[in-house]
Novice: 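Dumping the structure here so I can ask a few things about it.
If you're wondering where the values come from, they're calculated on a predicted model, not measured in any experiment. When a residue number appears, it is its place in the shown sequence, counting from 1.
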Amino acid sequence: MAIMASRAQVGVQLCFMFLCTLSLSVSAGFTKWSSYVPAPVGRPCPAAAREGRAPNGMWGCDGEAWVPAGPLSDWSFAGFGAGMQSIPSYPAKLDVKANYGAKGDGNTDDTRAIQAALAATKQSGGVLYFPPGTYKLSAQLTLDSNQVLRGAGRDRTKLFFTKSMVDLFGWGNKYKPGKSNSPYTWLGGLIQTQRTHKLWDSDMYLGKVAKPAARGDKKLFTDFSGTPNAGKRADQVFKAGEWMALRMYENMNTDLAKSLMNNKGVVGSKVAPMFGNRMVFTHSSRVLAAGADWLELERPLHVDVQMGFKPLLYKSANFKVTGVGIEDLAIEFPWTPYMGHHEEKGFNAIEYEAAVNSWIRRIRITNADAAIKLYSSSFNTVSDIQITQSRPRSGQKWVGRSDGLIADKDGHMGIALHWACFDNLVEKFNITGSMYHELLVAGYSAHNVFSSGFGTDLTLDHHGGVPHNNLWTNIDLGAGYSAMDFSGDPQHFPFAGSNNVFWNVYASRIPVPGRPDSSVQRYQRRAQRIKGVDWVYNRPAYLQGYAQVVVDMPVDTNSRYVKEAGDWFVWYDSNKPVYPTDLYQAQRATQSKRLKLAGGEKIRPSWYPRKPTPA
């Protein structure tokens with residue numbers, strides 16, 4: 001049984017799980033931040049006092065201590081419309097029952113009716129409304145720009161998928177049971193966006209960056225020689241208020257990855273083959289001003305720009321997948337036992353690829369191997385999500401194994417941001433049960449926010465390929481056993497790049513030691529599987545990651561990876577909970593105070609989805 005505890009009780013028990021001390025601990029020695037020392041907040045902070053909290057010197061009371069080049073990036077532009085516009089609620093264009101004959105009775109296969117409705121709105125876009133009912137589906141659904149699936153509420157409208165990816169497309173010729181190589185562990189969703197186009201096309205290319213720049217800078221010098229804009233001035237190419245993007249390559253020496261790990265340690269052997277000579281970094285911003293050979297950005301840079309990364313300038317327009325939405329419904333799969341890690345049949349709910357300015361909100365997903373996955377997508381919002389099981393899927397024999405190993409998880413992934421995802425907002429999530437990766441970032445993904453959610457025993461997984469500058473804030477871990485179980489292929493290390501920030505992350509449902517609680521039992525099974533050795537805390541720093549920023553979340557400053565790294569910034573005091581509780585919301589509220597904005601918030605991003613054509 002889960003228990004509730006006071007903050008002091010939570011702190012004491014977390015020390016057992018995180019092997020921490022309760023005293024304030026600051027780990028100094030950042031190479032990039034060597035000149036930055038957060039000073040005590042020197043003025044009264046009534047809002048913090050009212051909440052019984054203490055402001056931190058990196059932020060202050062209302063952002064007055066924030067420094068663009070310091071440990072905290074700015075995440076205030078995350079989510080749909082760069083946080084400046086609300087998700088639209090267009091009127092329904094088509095009713096799948098009234099217009100296309102779907103039954104929604106839980107018995108009739110409604111696949112043809114729903115696919116016909118999608119085909120009818122493929123070019124024009126529009127909201128497909130699913131009245132209350134259970135819609136039985138036996139095929140994959142593909143969404144194009146401005147297509148929205150809307151139900152009558154997650155307790156009233158259900159999409160019930162009867163088949164997995166394996167049932168639809170087969171295992172392929174490489175899969176062998178027990179070898180952990182299912183083709184649908186990572187790829188594929190029963191609801192997916194189109195996969196024809198890449199996120200960035202060559203016609204979006206504008207020019208090159210002429211000089212290096214540092215984290216916190218806002219000015220870039222331009223070079224248009226050999227580009228479509230040769231002979232032009234920067235102020236002829238860039239206009240104030242318009243969106244643009246700085247994009248950079250990884251090279252075969254993985255110099256970008258090394259920079260993103262604070263220029264310490266080594267990079268895994270698979271990073272160069274997978275990411276080398278590919279553009280893996282994007283920093284999107286509106287233009288504040290431009291001159292003959294320079295432009296000034298609205299958003300400060302969150303990494304160093306070096307010429308070896310081939311920094312290029314792109315326009316943020318003409319994206320191929322925008323305005324896709326899934327809202328107010330439930331997605332459910334038949335209950336099946338979980339088959340084992342990387343043995344999944346592909347009961348995968350939603351996958352967005354190359355999507356911009358799209359959303360998933362107010363939905364429930366039940367019995368999934370993977371619930372929500374985003375690949376190479378930016379400025380999307382995933383909000384008010386419930387991920388659960390009709391009954392536990394764990395406890396069955398691991399498929400294909402002769403050693404009797406038990407599959408001790410209920411699924412593989414909850415909400416995952418893969419390979420070059422930027423500026424996405426994941427908020428208000430509730431993940432029950434146990435998955436290998438409840439929340440995940442990977443592959444150079446940055447500037448994503450995970451905020452205001454909770455779960456049974458959340459893992460905030462950094463899954464390799466130096467994901468960096470992501471924010472985790474105001475999160476209730478639940479049992480608190482698995483928070484920093486960073487994982488992935490060891491040759492994709494470091495699992496985490498620098499400047500990932502954990503701000504007010506806590507565990508409210510810590511089991512009483514010795515009580516027969518499901519969380520305790522899971523932990524005991526896990527401990528048995530790894531023969532009593534806690535592999536997380538015995539990792540070397542180069543594997544786990546460098547330069548993490550941990551505020552009001554107890555971690556073990558004496559653990560091997562923290563001590564070896566020497567550049568983790570850790571602030572924790574059980575008697576002084578940090579203010580503000582949610583750093584993302586605080587940054588949103590103070591955005592106009594801290595940053596010079598380009599023309600005010602009424603300017604829509606150029607990729608804002610068009611209004612669907614009336615029926």
Novice: Would you mind reporting whether His412 and His437 have side-chain heavy atoms less than 4.5 Å apart?
Specialist: yes
Novice: Answer whether the closest heavy-atom distance between the side chains of Leu329 and Leu159 falls below 4.5 Å.
Specialist: yes
Novice: Sequence neighbours excluded, which residues qualify as salt bridge (charged side-chain N to carboxylate O under 4.0 Å, His left out) partners of Asp167?
Specialist: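 Testing Asp167 for salt bridge (charged side-chain N to carboxylate O under 4.0 Å, His left out), a comparison that skips the adjacent residues, returns Lys345.
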Novice: Please list, chain by chain and in numerical order, all residues satisfying side-chain hydrogen bond (donor to acceptor under 3.5 Å, both in side chains) with Lys158, sequence neighbours excluded.
Specialist: Glu332
Novice: Which residue pairs satisfy the ring-ring contact (aromatic ring centres under 6.0 Å, His included) criterion with at least one member in residues 132-154, sequence neighbours excluded?
Specialist: Phe130-Tyr135
Novice: Salt bridge or not between Asp110 and Lys103? Use side-chain N to carboxylate O under 4.0 Å.
Specialist: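 So Asp110 does not pair with Lys103 through a salt bridge.
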Novice: Could you check whether Trp75 and Phe450 have their ring centres less than 6.0 Å apart?
Specialist: no
Novice: Measure centre to centre between the rings of Tyr338 and Trp398, then say whether the value is under 6.0 Å.
Specialist: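 Between Tyr338 and Trp398, the centre distance exceeds or equals 6.0 Å.
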Novice: Might you point out which heavy atoms bring Tyr444 and Phe422 nearest each other, and give the distance in Å?
Specialist: O-CE2, 3.4 Å
Novice: In chain order, what residues pass the side-chain contact (heavy atoms from CB on, under 4.5 Å) check against Ser452, with sequence neighbours excluded?
Specialist: Asn474, Asp582
Novice: With distance as the sole test, does Lys97 use its side chain to make a donor-acceptor pair with the main-chain N or O of Tyr129 at under 3.5 Å?
Specialist: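 Not a single qualifying donor-acceptor pair exists.
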Novice: Might you point out which heavy atoms bring Lys428 and Ser383 nearest each other, and give the distance in Å?
Specialist: CD-OG, 3.9 Å
Novice: Over all heavy atoms of both residues, which pair between Asn448 and Asp423 is shortest? Give the atoms and the distance, please.
Specialist: OD1-N, 3.3 Å
Novice: Does the ring center of Phe486 lie less than 6.0 Å from the ring center of Phe495?
Specialist: no
Novice: Within the structure provided, determine whether Ile387 and Met435 are in side-chain contact (heavy-atom separation under 4.5 Å).
Specialist: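 Yes, close enough: below the 4.5 Å cut-off.
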Novice: Using atom types as modelled and distance alone, determine if a side-chain donor or acceptor of Ser445 lies under 3.5 Å from a backbone N or O of Ala442.
Specialist: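 Yes.
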Novice: Within the 4.5 Å heavy-atom criterion, are Arg247 and His283 side-chain neighbours or not?
Specialist: no
Novice: Under 3.5 Å, side chain of Asn348 to main-chain N/O of Met165, donor-acceptor pair present?
Specialist: no
Novice: Report the residues that fulfil side-chain contact (heavy atoms from CB on, under 4.5 Å) with Asp328, sequence neighbours left out, ordered by chain and then residue number.
Specialist: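 By the side-chain contact (heavy atoms from CB on, under 4.5 Å) rule, Asp328 matches Arg150, Arg362.
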Novice: Does Gly106 offer a backbone N or O that forms a donor-acceptor pair with the side chain of Thr134 under 3.5 Å?
Specialist: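 No.
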Novice: Roughly how far, to the nearest 0.5 Å, is the CG atom of Asn430 from the OG1 atom of Thr388?
Specialist: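 If I round to the nearest 0.5 Å, the distance is 7.5 Å.
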Novice: Give a yes or no on whether the backbone of Tyr352 and the side-chain of Thr193 come within a donor-acceptor separation of less than 3.5 Å.
Specialist: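 Absent.
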Novice: Tell me the closest heavy-atom pair linking Ala152 and Thr157, and the distance in Å.
Specialist: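 Taking Ala152 first and Thr157 second, the nearest heavy atoms are N-OG1, 2.9 Å.
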Novice: Any side-chain heavy atom of Thr459 within less than 4.5 Å of one from Leu439?
Specialist: no
Novice: With sequence neighbours left out, write down each residue that passes ring-ring contact (aromatic ring centres under 6.0 Å, His included) with Phe281, or none if nothing qualifies.
Specialist: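 Partners of Phe281 under the ring-ring contact (aromatic ring centres under 6.0 Å, His included) test: His302.
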Novice: Is Leu460 close to Leu477 at the side-chain level, that is, under 4.5 Å between some pair of heavy atoms?
Specialist: yes
Novice: Knowing that exactly one of His342, Glu344, Glu343 qualifies, which makes a side-chain hydrogen bond (donor to acceptor under 3.5 Å, both in side chains) with Thr185?
Specialist: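 Filter result, single survivor: Glu344.
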Novice: If you measure from OH on Tyr375 to CD on Glu353, what distance do you get to the nearest 0.5 Å?
Specialist: 8.5 Å
Novice: Not counting sequence neighbours, which residues clear ring-ring contact (aromatic ring centres under 6.0 Å, His included) with Tyr175? List them please.
Specialist: Trp171
Novice: Check whether NZ of the Lys or CZ of the Arg Lys136 lies under 6.0 Å from the centre of the six-membered ring of Phe160 and within 45 degrees of that ring's axis.
Specialist: no
Novice: side-chain hydrogen bond (donor to acceptor under 3.5 Å, both in side chains) between Ser76 and Asp74: does it pass, once the steps are laid out?
Specialist: CA-CA 6 Å; Ser76 62; Asp74 178 81; 2.7 Å; yes
Novice: Looking at Ala483, is its backbone amide N or carbonyl O close enough to the side chain of Asp485 to form a donor-acceptor pair, meaning the two atoms are under 3.5 Å apart?
Specialist: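 No, the answer is negative, given that no donor and acceptor are paired below the 3.5 Å cut-off.
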Novice: Listing request: all salt bridge (charged side-chain N to carboxylate O under 4.0 Å, His left out) pairs with a residue in residues 365-386, at least two apart in sequence or in separate chains.
Specialist: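 Non-adjacent pairs meeting salt bridge (charged side-chain N to carboxylate O under 4.0 Å, His left out): Arg154-Asp384, Glu351-Lys373, Asp369-Arg393.
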Novice: Between Phe161 and Ser138, is any pair of side-chain heavy atoms under 4.5 Å apart?
Specialist: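 The answer is no, as the side chains (C-beta and beyond) never meet within the 4.5 Å cut-off.
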Novice: Among residues at least two apart in sequence or on other chains, which ones pass side-chain hydrogen bond (donor to acceptor under 3.5 Å, both in side chains) with Asn380?
Specialist: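 For Asn380, the residues satisfying side-chain hydrogen bond (donor to acceptor under 3.5 Å, both in side chains) (neighbours in sequence not counted) are Asn424.
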Novice: At what distance, to the nearest 0.5 angstrom, does CE of Met274 lie from CH2 of Trp419?
Specialist: 5.5 Å
Novice: Which heavy atom in Thr142 sits nearest to a heavy atom in Leu118, and how many Å separate them?
Specialist: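 Scanning both residues, the minimum pair turns out to be O-CD1, 4.0 Å.
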Novice: For the residue pair Trp503 and Ile475, establish whether any side-chain heavy-atom pair is separated by less than 4.5 Å.
Specialist: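 SC-SC contact between Trp503 and Ile475 ruled out.
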Novice: With rounding to the nearest 0.5 Å, note down the distance linking CG in Leu417 to OG in Ser376.
Specialist: 11.0 Å
Novice: If we ignore hydrogens and angles and just use 3.5 Å, is the side chain of Asp410 paired with the main-chain N or O of Ser434 as donor and acceptor?
Specialist: yes
Novice: Not counting sequence neighbours, which residues clear side-chain hydrogen bond (donor to acceptor under 3.5 Å, both in side chains) with Asp489? List them please.
Specialist: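 For Asp489, the residues satisfying side-chain hydrogen bond (donor to acceptor under 3.5 Å, both in side chains) (neighbours in sequence not counted) are Lys270.
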Novice: What do the steps show when you test Gln389 against Trp335 for side-chain hydrogen bond (donor to acceptor under 3.5 Å, both in side chains), and what is the final call?
Specialist: CA-CA 8 Å; Gln389 303 82 38; Trp335 182 92; over 6 Å; no
Novice: On a heavy-atom basis, which atom in Asp109 and which in Leu137 lie closest, and how many Å separate them?
Specialist: OD1-CA, 4.3 Å
Novice: Ring centroid separation for Trp186 and His463, is it under 6.0 angstrom?
Specialist: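 Yes.
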Novice: Is there a donor-acceptor pair closer than 3.5 Å between any side-chain N or O of Arg361 and the backbone N or O of Val382?
Specialist: no
Novice: So, taking the atom named CD1 in Ile372 and the one named CD1 in Ile365, what distance separates them when rounded to the nearest 0.5 Å?
Specialist: 4.0 Å
Novice: Say you draw a straight line from CG of Leu458 to CD1 of Ile415; how long is it, rounded to the nearest 0.5 Å?
Specialist: 9.5 Å
Novice: Given Thr121, which partner from the list Leu128, Asn146, Val127, Asp144 fulfils the side-chain contact (heavy atoms from CB on, under 4.5 Å) test?
Specialist: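 That would be Leu128; it is the only one of Leu128, Asn146, Val127, Asp144 passing the side-chain contact (heavy atoms from CB on, under 4.5 Å) with Thr121.
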Novice: Excluding sequence neighbours, so at least two apart, what forms side-chain hydrogen bond (donor to acceptor under 3.5 Å, both in side chains) with Asn469?
Specialist: Ser73, Arg215
Novice: Indicate whether the side chain of Thr322 and that of Asn357 have a donor and an acceptor atom separated by less than 3.5 Å.
Specialist: no
Novice: Fit a plane to each ring of Phe502 and His462, take the angle between them on a 0 to 90° scale, and name the class: parallel (under 30°), tilted (30 to 60°) or perpendicular (over 60°).
Specialist: tilted
Novice: My understanding is that only residues two or more places apart in sequence, or in another chain, count here; which of them pass side-chain contact (heavy atoms from CB on, under 4.5 Å) with Asp476?
Specialist: Phe454, Tyr506, Ser508, Arg509
